[in-house]
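A short worksheet on the structure shown next.
Every chain is numbered from 1, with letters handed out A, B, ... down the list of sequences. Predicted model, so just to flag it, every value in this text is computed and none were measured.
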2 protein chains.
Amino acid sequence: MPVPRGSTIDPERTRATILRAATAVLYERGLDGVGVAELCTRVGVSKETLYRHFGTKDKLVEAMLVERSDHVTRWLADVVADAGDDPHDQLTALFGALQEWYDDPVFRGCAMLNAATQHHVEAVRAITARHLDHYLRLLTGIAERAGAARPEILGRQLLMLAEGATLVATHQSTTDVGAHALQAALALLPTTDQAALPRAM
Amino acid sequence: MPVPRGSTIDPERTRATILRAATAVLYERGLDGVGVAELCTRVGVSKETLYRHFGTKDKLVEAMLVERSDHVTRWLADVVADAGDDPHDQLTALFGALQEWYDDPVFRGCAMLNAATQHHVEAVRAITARHLDHYLRLLTGIAERAGAARPEILGRQLLMLAEGATLVATHQSTTDVGAHALQAALALLPTTDQAALPRAM
DNA sequence: CATGGATCGTACCGATCGGTTCGATCCATG
DNA sequence: CATGGATCGAACCGATCGGTACGATCCATG
């Protein structure tokens, strides 16, 4: 019995559909760039349904951002995990994945940072802060495996590079952002064999 | 006769006052976070006056961003110029200035990047792109003086670091962002005497 | 087949938005 | 002192916003 108790059509599926479709529209156009009416049209759902599931546009946005943050965090963690144990390979895989993201036609920067910049609501800022903490933790782990004397500092420097790369890819029309960020990231690793790097600089 | 022909009270001064006060309010609360009515109250001017000087809220925003971009660009260029000829000293001065900015209670990130994220208007995106170009040019100049084989690449990497540092300072409550970014930036310079750096990493 | 929750479509609400208008006031100039 | 541009303050406008209400419809369950 996959259908919930005493209901029809499966509300859970409806909620998931709203979340997925609304995420795409609000990411492309901005949180304040599309009203609830048009949002419902795009999603293919009535206003009453949307409001019964989320109560408020802000709540929808928060649910959306939490899911997105978790998805991105899991994605990057998987990319790193699949790259083996070498921090060099892990960073290569990470910035390679970021570059693929930058090349996606729908790429419009980090959804959480965009939201925190657009919406001055405390809950949104909290979600963004949590997202950056997860990001920082992933990079600090790489810094530890690389044998950094101060992995929390190197982790934060790698975070600046990764977020800076995303920012530049968002606002400048440029190629090879990921490759250049990777090159800089590798240069920050302790006792790295520089001769093994492409001599692009 | 400092007062313009055939007028009273000095409109130029009024315009400058509006621009300055509106910049502070819109930077703190966001471009869409305060309406024109409240904006006029805060600035201390009537709506008719504001609209006669700028015609549109969007035009006011654009004028504001252009002035802000020019101001920031001039500020950073002066900081670098006053630091002498050594790229090491120039980066130290640059990230030191950025850190002072981060410590300012009214600091809320880069106004141009915030605006480009909030307002999906082409003119705003153009101003932001121009601002990043100026920023990139300044850093590429430092990269050239440092003797980088590919100064345009090193310049872009320094831009990622600087903007990434600003981003982290905006969204994470952390200290020493400027110092850590500086340390990373110096590590990217070619043939730098690493022993002279603080061994913090 | 009847019930009732889920959904739809639409009309509606109050609030706020960007922008306009207008009469009153201020003040440097002629 | 009279003129006229700059400014004020408040009323006003149409549009849009987030959110609600309601009758009709759909459909899995009992």
Side-chain angles (χ1 to χ4, degrees), chain A residues 1-23 25-26 29-65 115 118-124, chain B residues 1-23 25-26 29-65 115 118-124:
Chain A
M1 55 207 70
V3 175
R5 53 255 157 107
S7 71
T8 49
I9 301 177
D10 193 352
E12 284 303 319
R13 194 169 203 81
T14 301
R15 181 189 158 98
T17 300
I18 296 174
L19 215 49
R20 182 169 41 83
T23 296
V25 177
L26 292 175
R29 306 257 305 272
L31 298 184
D32 296 329
V34 48
V36 175
E38 183 186 351
L39 189 60
C40 288
T41 301
R42 299 276 188 135
V43 173
V45 91
S46 69
K47 291 179 79 172
E48 180 166 353
T49 298
L50 185 144
Y51 275 104
R52 178 154 30 80
H53 278 290
F54 296 96
T56 281
K57 188 185 183 183
D58 283 344
K59 292 296 188 67
L60 167 64
V61 167
E62 293 169 24
M64 197 182 83
L65 291 175
Q118 291 163 359
H119 244 11
H120 281 203
V121 180
E122 186 51 37
V124 170
Chain B
M1 54 207 71
V3 175
R5 51 245 160 117
S7 71
T8 49
I9 301 179
D10 193 353
E12 283 303 318
R13 195 169 203 79
T14 302
R15 182 191 156 96
T17 300
I18 296 174
L19 214 48
R20 183 170 40 82
T23 296
V25 177
L26 291 176
R29 306 257 305 272
L31 298 184
D32 296 328
V34 48
V36 175
E38 182 187 352
L39 189 60
C40 288
T41 301
R42 298 276 187 136
V43 172
V45 91
S46 68
K47 291 178 78 172
E48 179 165 356
T49 298
L50 185 144
Y51 275 103
R52 178 154 29 78
H53 278 291
F54 296 96
T56 282
K57 188 186 183 184
D58 283 344
K59 292 295 189 69
L60 167 63
V61 167
E62 293 170 24
M64 196 183 83
L65 291 176
Q118 291 163 359
H119 244 12
H120 280 202
V121 180
E122 187 49 38
V124 170

Kindly say if B/H53 contacts the phosphate of D/dA6, meaning a side-chain N or O under 4.0 Å from OP1 or OP2.
no

Nearest heavy-atom pair of B/H120 and A/G30: which atoms, and what distance?
CE1-N, 3.9 Å

Do any side-chain nitrogens or oxygens of B/T14 fall under 4.0 Å of OP1 or OP2 in D/dA6?
no

Looking only at non-hydrogen atoms, find the nearest pair between A/A22 and A/L60 and report the distance.
CB-CD2, 4.3 Å

Are any protein N/O atoms closer than 3.5 Å to N/O atoms in nucleotides 17-21 of chain D? If there are, list each pair with its distance.
from, atom 1, to, atom 2, distance (Å)
D/dG18, OP1, A/K57, NZ, 2.6
D/dG18, OP2, A/V36, N, 2.7
D/dG19, OP2, A/Y51, OH, 3.2
D/dG19, OP2, A/K57, N, 2.8
D/dG19, N7, A/K47, NZ, 2.6
D/dG19, O6, A/K47, NZ, 2.4

Value rounded to 0.5 Å, distance of CD1 in B/I18 from OG1 in B/T23
11.0 Å

To the nearest 0.5 Å, what is the distance between NE2 (A/H53) and CD (A/E12)?
8.0 Å

Does the structure show a Watson-Crick or G-U wobble partner for C/dA11, both distances under 3.5 Å? Name it, or say none.
D/dT20

Interatomic distance where CZ belongs to A/R52 and C1' belongs to C/dG5 [whole Å]:
8 Å

With both distances under 3.5 angstrom, what nucleotide forms a Watson-Crick or G-U wobble pair with D/dT29?
C/dA2

About how many Å separate NE2 of B/H119 and CG of B/D32, when rounded to the nearest 0.5 Å?
5.5 Å

How long is the line joining CG of B/L39 and P of C/dT16, in whole Å?
17 Å

OP1, OP2 of C/dC8 versus side-chain N and O of A/T49: anything below 4.0 Å?
yes

How about A/V43 and A/V25: do any of their side-chain heavy atoms sit closer than 4.5 Å?
no

Rounding to a whole Å, what distance do you find between B/R15:CZ and D/dT7:P?
12 Å

d(NZ, B/K59; C1', C/dG19) in whole Å
14 Å

Tell which nucleotide pairs with D/dA10, taking only Watson-Crick or G-U wobble pairs whose two distances are both under 3.5 angstrom.
C/dT21

